[in-house]
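A short worksheet on the structure shown next.
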Amino acid sequence: MKYQLSDIAKTITTGQIMNRVTLGKDEEDNSSCFNMQELVPGAISGGVVHLDNTLQVRLKKMPLDNKMTKLNDIVIKLSSPYDCALVTEGEEGLLVPSYCAIISGIDEQHINIKYLVGYLNSEFAKEKMLIGVSTSAGTMVKQRTLSDLEIVVPDIKKQAVIGEAYWQSCQKKYVLEKMVLNQQGISDSIIDEVLRQETSYDN
């Protein structure tokens, strides 16, 4: 069976135009201003939201509710490499910029959310999404193009199996990436300490 994405999602919303809500360099910071975490595109990778890569921004006004993440939303980059991620507990309330879109209210009777995340991250889906779209640097996929994207939908039980296998793979990849970064930090610290000692000896 096949659907368009707009058939199985209640809303598909582009993110916030940031300069409308962020405090500008020439604007006065006062008690009405506040901080919020921005879900920058670099924090969306491999089906997962990387909280360590979100950015703290200073806001002068509260964004609309539909520009912030909620549980079981899917957030997707509108420019290359067009990755998407599932919003889980602990990742709610992030401000989504206009470089991304939020897919909300997914019809779970017809589609498994984890399967949909895997499908949207597949090269198969990206090729379909980019048909007739210029992929030159800086080109963004339009909301209408995303809404019209064809979704291939197997039996719901098969979706559940595929979706869970994909999600477990995403989680393992996420943990391994964090381990690599941590190990790299340890390695860099060792070299830094040795060089500092050597330099102090020379002096």
Side-chain angles (χ1 to χ4, degrees), residues 3-107 113 116-117 119-122 125-151 174:
Y3 294 98
Q4 288 186 326
L5 185 56
S6 57
D7 294 329
I8 53 176
K10 187 175 181 180
T11 59
I12 301 169
T13 310
T14 54
Q16 175 69 52
I17 298 173
M18 294 301 293
N19 61 15
R20 293 182 180 175
V21 296
T22 51
L23 188 69
K25 292 181 180 179
D26 299 327
E27 295 179 294
E28 182 181 354
D29 196 340
N30 55 53
S31 60
S32 66
C33 298
F34 57 96
N35 294 330
M36 184 173 281
Q37 292 300 117
E38 179 187 351
L39 182 60
V40 294
I44 300 171
S45 178
V48 176
V49 173
H50 293 246
L51 284 173
D52 291 346
N53 293 341
T54 59
L55 178 68
Q56 187 177 88
V57 289
R58 190 75 172 161
L59 303 186
K60 60 187 176 183
K61 61 184 291 188
M62 192 68 183
L64 293 174
D65 191 55
N66 65 357
K67 305 297 184 182
M68 295 182 286
T69 56
K70 298 178 184 64
L71 183 65
N72 288 336
D73 283 349
I74 295 175
V75 284
I76 184 169
K77 300 178 187 178
L78 296 177
S79 58
S80 180
Y82 310 102
D83 292 343
C84 76
L86 177 63
V87 176
T88 61
E89 290 183 18
E91 298 156 6
E92 298 179 87
L94 299 173
L95 179 56
V96 179
S98 58
Y99 303 107
C100 306
I102 308 169
I103 303 167
S104 301
I106 295 158
D107 180 2
I113 293 178
L116 181 57
V117 172
Y119 181 86
L120 292 173
N121 273 329
S122 70
K126 290 176 184 178
E127 287 173 5
K128 285 186 171 294
M129 183 170 63
L130 296 174
I131 291 174
V133 176
S134 169
T135 54
S136 59
T139 300
M140 295 177 62
V141 168
K142 296 184 183 301
Q143 182 180 351
R144 180 56 185 268
T145 300
L146 193 58
S147 297
D148 292 345
L149 177 64
E150 180 181 271
I151 310 296
Y174 175 65

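Everything numeric here is computed off the predicted structure, so don't read it as measured data. When a residue number appears, it is its place in the shown sequence, counting from 1.
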Might you work through the side chain to side chain contact (heavy atoms under 4.5 Å, CB included) test for D29 and L23, ending with a clear yes or no?
CA-CA 7 Å; D29 196 340; L23 188 69; 3.7 Å; yes

Evaluate side chain to side chain contact (heavy atoms under 4.5 Å, CB included) for I102 paired with I76, printing each intermediate quantity in order.
CA-CA 7 Å; I102 308 169; I76 184 169; over 6 Å; no

After noting the C-alpha distance and the side-chain angles of M18 and E38, does the key distance pass the side chain to side chain contact (heavy atoms under 4.5 Å, CB included) rule?
CA-CA 9 Å; M18 294 301 293; E38 179 187 351; 3.7 Å; yes

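Using a 4.5 Å heavy-atom cutoff, the side chains of K126 and D83 are in contact. Side-chain atoms of M68 and V96, non-hydrogen and from C-beta on, never get closer than 4.5 Å to each other. V49 is listed as a side-chain neighbour of L94, based on a closest heavy-atom distance under 4.5 Å. With contacts defined as side-chain heavy-atom distances shorter than 4.5 Å, the pair I106/I74 qualifies. Within the 4.5 Å cutoff, side-chain heavy atoms of L78 are placed close to those of L146. At a threshold of 4.5 Å between non-hydrogen side-chain atoms, the residues L95 and P63 count as touching. Side-chain contact between Q4 and E150: absent, with no pair of heavy atoms (C-beta onward) separated by less than 4.5 Å. The side-chain heavy atoms of L39 and I44, taken from C-beta on, include a pair separated by under 4.5 Å.
Among residue pairs with one or both ends in residues 89-101, those qualifying as side chain to side chain donor-acceptor pair (under 3.5 Å) are T88-E91; sequence neighbours excluded.
Considering CD1 of I8 and CD1 of I113, their distance stands at 10.0 Å, rounded to 0.5 Å. If you take OH on Y82 and CE on M140, they are separated by 9.0 Å, rounding to the nearest 0.5 Å. A distance of 9.0 Å separates CG of L130 from OG1 of T145, quoted to the nearest 0.5 Å. Rounding to the nearest 0.5 angstrom, the gap separating the CD atom in Q37 from the CG atom in L55 is 7.5 Å. Here the straight-line distance linking atom OG1 of T54 with atom CE of M36 works out to 12.0 Å at 0.5 Å rounding. Atom CD of E28 is separated from atom SG of C33 by 8.5 Å, given to the nearest 0.5 angstrom.
Here the closest heavy-atom approach between residue N19 and residue K60 is recorded as O-NZ, 4.1 Å. In terms of heavy-atom proximity, A9 sits nearest to I103 at CB-CG2, 3.6 Å.
A donor and an acceptor atom, one from each side chain of S104 and D73, are located under 3.5 Å apart.
A side-chain donor-acceptor contact under 3.5 Å links N121 to the backbone of C84. A donor-acceptor pair is defined here as one N or O able to donate and one able to accept, closer than 3.5 Å; such a pair exists between the side chain of K67 and the backbone of T14. Here the side chain of T22 pairs no donor or acceptor atom with the backbone of R58 at under 3.5 angstrom. Here the side chain of K77 pairs no donor or acceptor atom with the backbone of C100 at under 3.5 angstrom.
Considering only residues two or more places apart in sequence or on other chains, F34 meets the ring pair (Phe, Tyr, Trp, His ring centres under 6.0 Å) condition with none of them.
We find that D65 and K70 are joined by a salt bridge, their nearest charged nitrogen and carboxylate oxygen being less than 4.0 Å apart.
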